[in-house]
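Every value quoted in this text rests on a predicted model; they were computed, and no experiment measured them. Along the sequence shown, the residues carry numbers beginning at 1.
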Amino acid sequence: LIAVSVIANSGITLTPQLNTFGTTTVDVNVTQDSNTSLYSAYSFNVTVNEVNDAPTFTTNLTNLIVNEDNGTISYELNATDIEGESLNITVDSNNTDILTVSPSWDMNSTVLQATYDNETLDFNLTTVENANGIVRITMSVSDAENNTSQTFDVNVSAVNDAPLLSGIASVAIEGSLYSWIPTVVDIDSQTFLFSAIGLPFWANIDANTGKIYGIPSFIDIGTTNSI
């Protein structure tokens, strides 16, 4: 319960042991160095009061870097409490527009000791499509009196997404100027360089706008596939 140390010619020190409490008796004997038959003895009781220790995490997560549109990453989480109290455990993202958190437990309810001592709690981090930046994840565990928190940062790095082309080309008419511009959507840029493979020999493409243009003749009548 306690450790006793003797300080020569001075007295004693009492040090409570970690995470123990209760009452114990300390017996003290004082003798004369030159005559051990001369001594005095006395006893006294020491009461160590119980203190509620804060719960802690045994999992230590560090900062990490992931790519935008990475999907879902799974993590394990372990918590402990010396008193064995039911705990409220939460994991939060400070920017859910970039990274969301999905725990395997109900964060609105307490977690019983039988659960957090014998099972690993899991949570998922999911990147939001086309979103990037640094997100702080905060893990907190509380026994309703004491609270412990741990944080780590997730750097969601931007990824250059490919542009998307759409549209249905119009029908070209013999002897008339043909012109068609595709629709382009790109989340990352508004500057493009266009090219095409398989165009009929009468047609050209504008590398800056994507416009396909030209004047077909009588000998060009037909269908051109796989452009």
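A donor-acceptor distance shorter than 3.5 angstrom exists from the side chain of T20 to the backbone of Q17, with no hydrogens or angles considered. Judged by distance alone, the side chain of S104 and the main-chain N or O of F123 form no donor-acceptor pair under 3.5 Å. Side chain of T24 to backbone of V46: no donor-acceptor contact under 3.5 angstrom is found. The closest donor-acceptor contact from the side chain of Q150 to the backbone of T56 lies at 3.5 Å or more, if one exists at all.
No side-chain donor from either of T80 and T58 sits under 3.5 Å from a side-chain acceptor of the other. Between N147 and S149, the side chains place a donor N or O and an acceptor N or O closer than 3.5 Å (distance only, hydrogens not considered). In this model, a donor atom of one side chain and an acceptor atom of the other lie less than 3.5 Å apart for N124 and S74. For the residue pair N45 and T25, a side-chain donor N or O sits within less than 3.5 Å of a side-chain acceptor on the partner.
With values rounded to the nearest 0.5 angstrom, S157 atom OG is found 5.5 Å from I65 atom CD1. Atoms CD and CG, on E68 and D161 in that order, are 5.5 Å from each other to the nearest 0.5 Å. The structure places CG of L121 at 5.0 Å from CD1 of I89, a figure rounded to the nearest 0.5 Å. Rounding to the nearest 0.5 Å gives a distance of 4.5 Å between CD1 of I2 and CG of L14. For the atom pair OG of S179 and CG of D206, the computed distance is 9.5 Å after rounding to the nearest 0.5 Å. Distance check: Q113 CD to D143 CG gives 12.0 Å after rounding to the nearest 0.5 Å.
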Evaluate the side chain to side chain contact (heavy atoms under 4.5 Å, CB included) criterion for residues W180 and K211: first the C-alpha distance (whole Å), next the side-chain angles of each, then the deciding distance (0.1 Å), finally the verdict.
-> CA-CA 6 Å; W180 176 74; K211 180 174 73 171; over 6 Å; no

Carefully, step by step, assess N204 and I212 under the rule side chain to side chain contact (heavy atoms under 4.5 Å, CB included).
-> CA-CA 6 Å; N204 301 283; I212 296 175; over 6 Å; no

When you look at V154 and I137, which way does the side chain to side chain contact (heavy atoms under 4.5 Å, CB included) test go after all the steps?
-> CA-CA 7 Å; V154 181; I137 303 299; 4.1 Å; yes

Evaluate the side chain to side chain contact (heavy atoms under 4.5 Å, CB included) criterion for residues M107 and N88: first the C-alpha distance (whole Å), next the side-chain angles of each, then the deciding distance (0.1 Å), finally the verdict.
-> CA-CA 7 Å; M107 292 198 297; N88 183 261; 5.9 Å; no

Step by step, would you call D27 with S43 a side-chain hydrogen bond (donor to acceptor under 3.5 Å, both in side chains)?
-> CA-CA 4 Å; D27 298 316; S43 299; 2.4 Å; yes

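Each of N130, V159, N160 was scored for a side chain to side chain contact (heavy atoms under 4.5 Å, CB included) with I187, with one residue passing: N130.
Contact detail for T148 and F57: the closest heavy-atom pair is O-CE1, 3.8 Å. Scanning all heavy atoms of the two residues, the minimum distance from L112 to S86 falls at CD2-OG, 3.2 Å. For the pair D153 and N63, the tightest heavy-atom approach, listed with the atom from each and the gap, is N-OD1, 2.8 Å. Nearest heavy atoms, T209 versus I181: O-CG2, 3.8 Å. Considering every non-hydrogen atom in both P55 and N146, the closest pair reads CD-O, 3.8 Å. Taking each heavy atom of I221 and E174 in turn, the nearest pair found is CD1-OE1, 3.6 Å.
The number of heavy-atom neighbours closer than 6.0 Å to CD1 of I173, taken from other residues, nucleotides and ligands shown, is 12 or below. Within a 6.0 Å radius of CD1 in I98, more than 12 heavy atoms belonging to other residues, nucleotides or ligands are found. Other residues, nucleotides and ligands place more than 12 heavy atoms under 6.0 Å from the CD1 atom of I7.
One hydrophobic cluster, built from ILVMFWY side chains closer than 4.5 Å, holds both W105 and Y75. Grouping the Ile, Leu, Val, Met, Phe, Trp and Tyr side chains by contacts below 4.5 angstrom, directly or via other members, places F194 with Y178. Under the 4.5 Å side-chain heavy-atom criterion for grouping Ile, Leu, Val, Met, Phe, Trp and Tyr, L64 is connected to V91 within one hydrophobic cluster. Both I227 and W202 belong to a common hydrophobic cluster when Ile, Leu, Val, Met, Phe, Trp and Tyr are linked at side-chain heavy-atom distances under 4.5 angstrom. Criterion: ILVMFWY side-chain heavy atoms under 4.5 Å apart, direct or through other members. Under it, F44 and L1 are part of a common hydrophobic cluster.
Here the side chains of S140 and T138 are in contact, with some heavy-atom distance below 4.5 Å.
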